[in-house]
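What follows is a short report on a single structure.
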Amino acid sequence: MLRPNKPDRNLALELIRVTEAAAIAAARWAGRGDKNAADGAAVDAMRFVLGAVPMDGIVVIGEGEKDEAPMLYNGENIGNGSPPAVDIAVDPVDGTTLTAKGLPGAMSVIALAERGTMFDPGPSYYMKKIAVGPRGRGAIDINASVADNLTELAKRLKKSIHELGVVVLDRPRHDELVGEIRDAGARVISITDGDVAGAVATAWPNSGADCLMGIGGTPEGVIAAAALKGLGGEIQGILHARNEEERLRAEELGYSFDTVLTTDHLVASDNCFFSATAITDGEFLRGVRFTDFGATTQSLVVRSRSGTVRTIETFHRHDKLQEFTTGL
């Protein structure tokens, strides 16, 4: 029998309202060149809808510390206060630059798990990552060479290594990594932002992405872990310090830069939830469309305990949109 404080109902179906609201609010700023405005609109909408969700939530991964983020800050209590007690990770806009420029791949995402089961990045903002979908699970080792990982993954997927697609953030720090991937014979799928979407793509049929590699955000790694748990994939990470000061601060708090963080380290619960709504068109979801009726959204909803993965298209009436997009 489940304990009363466990999330024993499919909260993901309630969380979808949260990501839909944030995506629609951000989409009104898509292509307008102001990523801060897009993010701010999404935060406002997400916080408004989250307040009514029946749960006792604490933001483990949010918009930053309280002094810097008036809403959805780390440590903030979210929900109406009733059970279950849960950890929450939010990214109102995964891909703020993509949204501002009107480019593909931006999403609004949220993840939820039982209280105390989400990894808290603390001051460790970045991590080296490798992620694969369900068919590649068990074939990767973040401490192995790029060539060895891709060779093993190709065997597991029964593909030629030349057919593998590897998602990498387009950053100068990845120049050497890109060279190693190409030398191994695989194809690089370069993205400018949005490595949550990149990790999820590895588990999505016909996305063309077989693996994600490189250094990206630690918070995004935790959110991706919640998604991949439900999708059957795997992620591994090692914390990466941008400078010596950041390393020393993290080590003083007990963080290790040698430990391999597995999917279960990042999200220990086997009953976690993930919801994503596309802001702009992506590999597996269509972005927000504004119509005479109001707006349409497409979302991905995942629950790890049941292994259910849903794609949902929703139609939103104009008059209801105003409830969470006032002033836009």
Side-chain angles (χ1 to χ4, degrees), residues 3-7 11-12 14-15 17-19 21-22 25-26 36 39-94 96 108-127 196 216-227 229 237 239-242 245-256 259 261 264-269 271-276 324:
R3 297 196 307 268
N5 66 333
K6 281 195 172 186
L11 279 170
E14 299 176 50
L15 296 179
R17 297 187 298 110
V18 176
T19 55
N36 291 329
D39 190 56
V43 169
D44 288 345
M46 182 173 273
R47 181 64 179 84
F48 178 81
V49 180
L50 268 172
V53 176
M55 63 182 179
D56 175 13
I58 291 181
V59 176
V60 174
I61 294 171
E63 292 293 284
E65 300 300 324
K66 183 176 181 179
D67 291 342
E68 298 293 331
M71 289 191 296
L72 296 180
Y73 56 85
N74 298 345
E76 183 177 4
N77 290 104
I78 295 290
N80 68 1
S82 63
V86 294
D87 289 342
I88 300 172
V90 300
D91 195 349
V93 180
D94 178 44
T96 53
S108 173
V109 300
I110 187 169
L112 181 151
E114 295 172 61
R115 177 71 53 80
T117 61
M118 272 189 181
F119 179 76
D120 183 350
S124 302
Y125 298 107
Y126 286 90
M127 68 190 304
V196 173
T218 307
E220 287 83 356
V222 177
I223 295 172
K229 271 210 162 190
L239 296 180
H240 173 83
R242 293 174 292 181
E245 180 182 353
E246 186 172 286
R247 174 184 289 271
L248 290 173
R249 183 185 174 204
E251 287 177 340
E252 286 174 357
L253 294 172
Y255 290 89
S256 168
T259 302
L261 300 170
D264 285 336
H265 283 120
L266 295 171
V267 181
S269 173
N271 192 16
C272 58
F273 307 82
F274 171 82
S275 177
F324 53 81

Nearest heavy-atom pair of R249 and P123: which atoms, and what distance? NH1-CB, 3.6 Å
Rounded to the nearest 0.5 Å, what's the gap from CG on L261 to CE on M127? Could you check? 5.0 Å
If we check side-chain contact (heavy atoms from CB on, under 4.5 Å) with V90, which of these qualifies: L112, V60, I110? I110
Measuring only between side-chain heavy atoms, which start at C-beta, is L72 closer than 4.5 Å to P92? yes
Atom of P54, atom of N80 and distance for their closest heavy-atom approach: CA-OD1, 3.3 Å
Considering all heavy atoms of both residues, which atom of H265 and which atom of F119 are nearest to each other, and what is their separation? O-CB, 3.7 Å
Nearest 0.5 Å, please: how far is CZ in F273 from CD in E14? 9.0 Å
Determine whether a donor-acceptor pair (N or O, by modelled atom type, separation under 3.5 Å) exists between the side chain of T218 and the backbone of P121. no
Looking at every heavy atom in both D120 and G122, which two are closest together, and how far apart are they? OD1-N, 3.0 Å
Between M71 and E76, the two heavy atoms sitting closest are C-OE1, 3.5 Å
Treating K229 as the side-chain partner and F274 as the backbone partner, does any N or O pair qualify as donor plus acceptor under 3.5 Å? no
Residues at least two apart in sequence or cross-chain that pass salt bridge (charged side-chain N to carboxylate O under 4.0 Å, His left out) with D87, listed by chain then number, are R115
Rounded to the nearest 0.5 Å, what separation is found between the CD atom of E114 and the SG atom of C272? 9.0 Å
Hey, could you give me the CG/OG distance between D94 and S108, rounded to the nearest 0.5 Å? 9.0 Å
Tell me the closest heavy-atom pair linking L239 and S256, and the distance in Å. CD1-O, 3.6 Å
Does D56 use its side chain to pair, donor to acceptor, with the backbone of V86 at less than 3.5 Å? no
Could you give the distance from CE (M55) to CD1 (I78), rounded to the nearest 0.5 Å? 6.5 Å
Roughly how far, to the nearest 0.5 Å, is the CG atom of D91 from the CD atom of E63? 7.0 Å
